[in-house]
Each structure stands twice: as structure tokens, then as C-alpha cells.
Number of protein chains: 2
Amino acid sequence: MSKSRTPSIKMVAERAGVSVATVSNVLNGKPTVSADFARRVNDAVRELGYVVDLGASRLRSRKTQLVGVVVPDLTNPMFASFVSTLEHLARLDDYDLVVVSARNDAEEEADRLRKIRAWRPAGLIVIPCDGAFAERLPTGFFAPVVLADRIPDAAGFDLIAVDNGPAAGAIAAHLDGQGYRDCMVVGSSLSISNVRERWEGVRAAVKRMHVEMLEIGIDDANGAQRLEERLRRRPLPGALFSLDHGTTLLTYRTMAEIGLSVPEDLAFASFDDMEWMQLVAPGITAVRQPIEEMAEQAWALLLRRMTGSAGKPVTRRLRCAVEIRGSTPRSPLEEAGNVKLGGKKWKLQDEPYSPE
Amino acid sequence: MSKSRTPSIKMVAERAGVSVATVSNVLNGKPTVSADFARRVNDAVRELGYVVDLGASRLRSRKTQLVGVVVPDLTNPMFASFVSTLEHLARLDDYDLVVVSARNDAEEEADRLRKIRAWRPAGLIVIPCDGAFAERLPTGFFAPVVLADRIPDAAGFDLIAVDNGPAAGAIAAHLDGQGYRDCMVVGSSLSISNVRERWEGVRAAVKRMHVEMLEIGIDDANGAQRLEERLRRRPLPGALFSLDHGTTLLTYRTMAEIGLSVPEDLAFASFDDMEWMQLVAPGITAVRQPIEEMAEQAWALLLRRMTGSAGKPVTRRLRCAVEIRGSTPRSPLEEAGNVKLGGKKWKLQDEPYSPE
DNA sequence: AGCTTACAATAAAACGTTTCACCAGAGTTT
DNA sequence: AAACTCTGGTGAAACGTTTTATTGTAAGCT
């Protein structure tokens, strides 16, 4: 019976007995409309449950309060938190977000980027799958892009990341200082820039300790098997340092399956601090990243770019905190207790950061 | 110098020396266009990096391959996983997704729903904040809605959820069978339907064991304090059963802080199985929800509705698996070992489910 | 009273697409 | 050869908005 179609501005105008232009003016808060007419329009809007059609509105006004967000994997708690913060901030500034995940696949990322372009976003925030991101950015795309967390091979992008090198170095120095003589460093892939930076940070920081690197890939059964083989071989390294969340999960589980216990058989530390790392006994020494602040900085930067601020690409490094816990006690089976070294607040480094 | 404006279909037409209608026909795979013209158009498209404007396309064609997704909290791994699966499925069917989170706030959910409406989605998948969802659904909204995970107070919606009652009951029966005489059940709030169903499932399943319920709210410092007080009071309950993810995290941490150990001081079980629950020692007995399948079912159902299938609202319950681990051994300090009761695959219940 | 100003409201154009009706020309049937 | 039917292509209308230019009316000046 009833015209079951979502109401348009025309229906509102009809019902209020005014022109569509007037309705539009009321809805957009133009001051040139009388109180009486405004009331009539608002009544009609309420009665019909009218909501503007964003597509049409955007098309005509050419003002697109919309930004695209691309992350490698939504199920990674780090990225989920990143997106969630971003969403909140965007809302405060009255922007909409289109979020997509690339499922850790470069090709899918390229595909998603092309698709997101169809939305005509005013800007983009991307955590790229790998360094070759620049090649995947579609041609003919003129909106500002802010990269986060991972560094692209090509220069020319705004970037917000953490001080991977120094933070990983701090863990390495800690292990070194606790008296460990050799440390195995495990990470998904050195082709991911922050893993690479962390590994380099480790190498730069160690004094006496011997370090070796093991790449196990991302979702790679083969890599998992290599890890297990190494953990079964003797002698074991004195300490294990895992460079990213996925790797930590895999490593910790593998150790448990094999029957290795932390810290009796080997010490263990992780880049990326997750909630459960305080729940296991002993707690796991970890680098905590200021993920919310990363989102805040990324948003602030993109907002500046979208509102016309030109200028050279900016790189910002945020400082990580190190949480020392029971998984890395003094080396020769001597109990060191739960020294809390963290607690200092995040702080933006003012100096430009140069990893080399 | 160069017209730095994102290319439109008109520019493509010009460049290819054809009409815009022809470009549109080529892009939409209409068969009535000669190979020669198609090539010219495709060349122009590639050279300009043209991508269709979704807003305009949708506006004209009125075919909106778009669905909105609303979840209470993106940082909850369950929901993140739900969204991620959904995103994948949508892509396969060539739909776009607009995802928003309500941050556990009913008012914000209402706001987000209104906003999402402006996108003119063809359908909605919602995990509602609470039972009063129906009141927040904007008027004049005619797209199909599929609810997931939580049951609304009002009838009339399609719903995909898990068998909260029986699953929680299975845990309760297990504790009962292990010889515990009293069990404290902790949950965020009985106003959330699945928490309520789980609690009712517990009460229905216990035979000899005495159970008491403690609500601690969601992000409620007051509730956390009540929990701590209870855990310091003696006598302790023999077992603790936590009914949702957030509560489990809080409870487990609180126990550790107070110095209570599982299972020596009390047994512990959780609804919602998280990765770390296998990593702590002993592992935590938990109900594992088929979250991916929930997403699959929700998507399949919505797709059917969007393609015109009418009919009465459907309710589906998916079966959970129970993972028995070391945190719930035989009662009087007797080691029960790590019996693995799970492993059966998820299975859709064919019978309509009635909680009463 | 005339003549300008100021204001409130509107008609119509425009945004980038898709779709519909139409057209020219070539082939096919009488 | 006239009358059809295809075939591949196009101009123009339409989608739901916002914006610009225009109109009509009332008030403020001489």
C-alpha cells in the first residue's frame, strides 16, 4: 500500500509544502531560512525518517568527507585497535571511514586500493603489506596518503611509525646485560620493514651476545617446521626474541608443545605486547607499541594534508615502551624478579629519525 | 599544468573518441559493443587510470551492492574475526561493506545506524549492543536486517546465534561432574542476551552444584571492585565460570593479582575461547564459538533476503564446542589430566531453537 | 509615490553515471 | 526494389542532491 521507498528530499519538500532547495538549505544549516519554514521542514523530516543520500550529496557538492583505511589484517589486535581509534577520531571530525583489510596479500591490497578509489576518498591511511606499496597505488589518484607502521621502499610518503630499531635494541641490550651469551631472533619476514628494522636494531645494540636470525614467513607451515627443528636441536640458544605478534604466538605455542619451559630452558621476549603476556607465568618481557597514538598522529597528519597543507613528506617515529617481566631473568638460572622498567609515557621524538 | 582532477567517464570517452554511453557499455560488459571499440575504450581507461565513481553509478543505477555492518567493539577479537570473515565473503559476491563499531554504547549505535543509512545499503548485519535494538533502527528503513550473536527483545528479525544455553550448561555439568559443590558465575551484564542465556543454561544444567551469579558490568570499575572483594572473602567457591571474553580477562587478571592460583585455589572456565587460553598453564577450559560460521550464515541469510526471498524471520543456532583443559580438574585436588572433549565439528542445529 | 535594498524562497542547472529510445546503415526477406 | 529486421552506436533523460541565479515581496529612502 504505502510507497515503500526510502524517502527522498523531494518527498520531504512536498510534505512540508516547500521547495527542495529550501529543504536542502534547512538541512545544511544555511542561515537564510525563516524559523517557520525551518520548523515545517524539520517536522516533515522527522515524520518521514528522512536521511540524506550521501552518494548524491557528495556527487553534487564535491565535498567528500570520506577517508579510506587499508590494513593488512583486521584480526591482528594491533591493527584492530588502530582502526578502532581511527574510527573514533574520524567521527569527531565528521568524516566517514571505509575500512578494508588486505589479508596479508599484496595482490589483494592492490585490488582493494583500486576499489577504494571508486569511493573517491579525500585521503587514505594505509598500513602496507610490504615495501612495494608505491607500485600498487593506482595512477590518477590525487588524494593525500599517510602510511603507518611500515616503511615503503619508495620515498615521498608521509609516514607514522615507531622507533623499531632502538626499541628492539633495548630488548637485546637487556638480554645481553642479563648475561645471555647467544640469542635467536625470530620474525615473520625481513621483507616487512619493521621486522627488518627491529633485526637491525638488535644487531646494532648487542655487545657480547651472539645473535642469529630465523625467518619463518607469514602463515608458512614450512617456516613453522624449521622453527620446531631448531628448537629440538641442541644446544639451545640462551634466549629467544620474537619480532612480531604472529611469530610470538607461534613460537610460544611451539615451545609449550615441545616441552620447553620459560625461563628455565630459555629466556623469551617479544616485540608487540599483548594482553595475555601479563597473564601467563612468568609474564613475558615485551616491547609495547603506542598504537593508539600512532592512529592519532596518522589522523592528525592526514587531516592537515586534506585541508590543504602542502610541504615535504614527513616521517615521525613514536617511542615504544619496554616491559621487563619474568621471562627474561638473570642468566644462570638466577631469579631476577619482576623489575618494571616501563611506565614512562609515550613521547614523540622531535628529531628526524634516520635508521642507518 | 595537467588537469589534476580524477578522471571521469567523459574524459575517457573523449580520449577514446566514442560516446560516454559506449564507455559505460564496455565497462559494464554489455555485449553490444564491437571488439574494436572495446579495445579503444579499455586503452583509454588504462592510460587515464579511470575508475568508476561508485556514488554516481549507484545513484543512477539504483543497484546498491553495499551492506552495512555494525558491531559493538572492533577490538574484541571475536568481532574482529566476524567482520574479517564477512568482508571476505562480501568480496566474493561482489559487495562492498561499510563497517562501523558502536563502542559498546547504545546511543552511539543509534547514531551509527542513522549514519549508515545515508549510504543506502542494500542490507544490514548487526551485532546489537543490547536487547533494545529494534527501537534504534531508524524509521523509513526498508532494507533487510540480519542480527547476529545477540537476541533482540522484539521479535521479527532474522537471527544467527550460538546455542549459549546448552553450551554453558555443558560446562556447568562438567564442573558438577568433576565434583565441585559450588560455583560462582561471573558475567558483564544480564541485559546482554547471550550472557543471560548462558546463565540460564547453567542453572538448568546443574544437578548438585550450587551456583551464584555476579554481574560486573562492562568497563565498570565498581564491578571490578565487587569481584575483587568476593575473591578475597572466604570461603571461596570451588569453581569460577566466566561468561564472556571481557569478564574472563578481568577475572583471570584479578585472580593473579590477589595471588589465587588455578586450579589449586579454585577451578576456572570461560565462555569464549581465546588463543592465549591454550598458552597459560594449565590451559583454560572454555567454550569455543563458531564465529566464522556465524559470519557465513549471517552473510548467506542476508544475501537471500537481499535477492528477494521473503518469508518469516528465521532463527538459527550454531553449536559450540567445549574444550576441557587443565583448569578444571577433578575436585578434591585430584589431577584429572588434559582430557580433550572437543574436536567435534560445528554443526548447525536443524530444529528451531526455543530458549524457554 | 517612486526607487533602491534586503530578504526569503524557488526554479533550474549541474555533479558522473546508467539507461532508454532512437538512428543510420547493412543485410535479409518478400 | 520495397519493406523489413538486425547491429553497433549515440543523444538525452534520469537518479537525489547542492548551488547559482532569479524572482517576488516588503521595508527603507528620498
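The basis for the numbers below is simple: all heavy atoms, side chains too, and nothing from hydrogens, waters or symmetry mates. Here the structure is a predicted model, which means the values were calculated and not measured. The chains referred to below are lettered A, B, ... by the order of the sequence lines, with proteins before strands, and numbering in each begins at 1.
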Quick check against the 3.5 Å criterion: does A:Arg317 have a side-chain atom that pairs as donor or acceptor with the backbone of A:Val162?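 Yes, A:Arg317 side chain to A:Val162 backbone: donor-acceptor pair under 3.5 Å.
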
Is [X] near enough to [N] that one of its side-chain N or O atoms lies under 4.0 angstrom from OP1 or OP2?
X: B:Asn25; N: D:dG9; answer: no
X: B:Thr22; N: D:dT10; answer: yes
X: A:Ser61; N: D:dT19; answer: no
X: A:Ser24; N: D:dT18; answer: yes
X: A:Arg62; N: C:dG16; answer: yes
X: B:Ser57; N: C:dT18; answer: yes
X: B:Ser34; N: D:dG8; answer: no

What's the closest nucleotide to the [X] side chain, out of [options]?
X: B:Val52; options: D:dT10, C:dA9, C:dT17; result: C:dT17
X: A:Ala21; options: D:dG9, D:dG16, C:dA12; result: C:dA12
X: A:Ala56; options: C:dT10, C:dT17, D:dT17; result: D:dT17

Can you find a donor-acceptor N/O pair under 3.5 angstrom joining the side chain of B:Arg60 to the base of C:dT18? yes

Should the pair A:Asp43-A:Arg40 be classified as a salt bridge under the 4.0 Å nitrogen-to-oxygen rule?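 The answer is no: the pair does not qualify as a salt bridge.
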
In whole Å, I'd like the distance from the [atom1] atom of [X] to the [atom2] atom of [N].
X: B:Arg117; N: D:dT17; atom1: CZ; atom2: C1'; result: 16 Å
X: B:Leu59; N: D:dA14; atom1: CG; atom2: P; result: 14 Å
X: B:Arg58; N: C:dG16; atom1: CZ; atom2: C1'; result: 14 Å
X: A:Lys30; N: D:dT17; atom1: NZ; atom2: C1'; result: 12 Å
X: A:Glu14; N: C:dA11; atom1: CD; atom2: P; result: 12 Å
X: B:Lys10; N: D:dA12; atom1: NZ; atom2: C1'; result: 12 Å
X: B:Arg120; N: D:dG16; atom1: CZ; atom2: P; result: 9 Å
X: B:Lys63; N: D:dA14; atom1: NZ; atom2: C1'; result: 15 Å

CG-CD distance between B:Leu89 and B:Gln297, expressed to the nearest 0.5 angstrom: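 Here the rounded value is 11.0 Å.
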
Measure the spacing between CG of B:Asp153 and CZ of B:Phe133 and express it to the nearest 0.5 Å. 12.0 Å

Toward the 5' end of DNA chain C, by each residue's nearest nucleotide, A:Ala35 or A:Val20: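 The 5'-side residue here is A:Ala35.
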
In sequence, state the C-alpha distance, the side-chain angles, and the governing distance for B:Leu48 and B:Glu14, and then conclude on side-chain contact (heavy atoms from CB on, under 4.5 Å). CA-CA 11 Å; B:Leu48 266 60; B:Glu14 243 167 58; over 6 Å; no

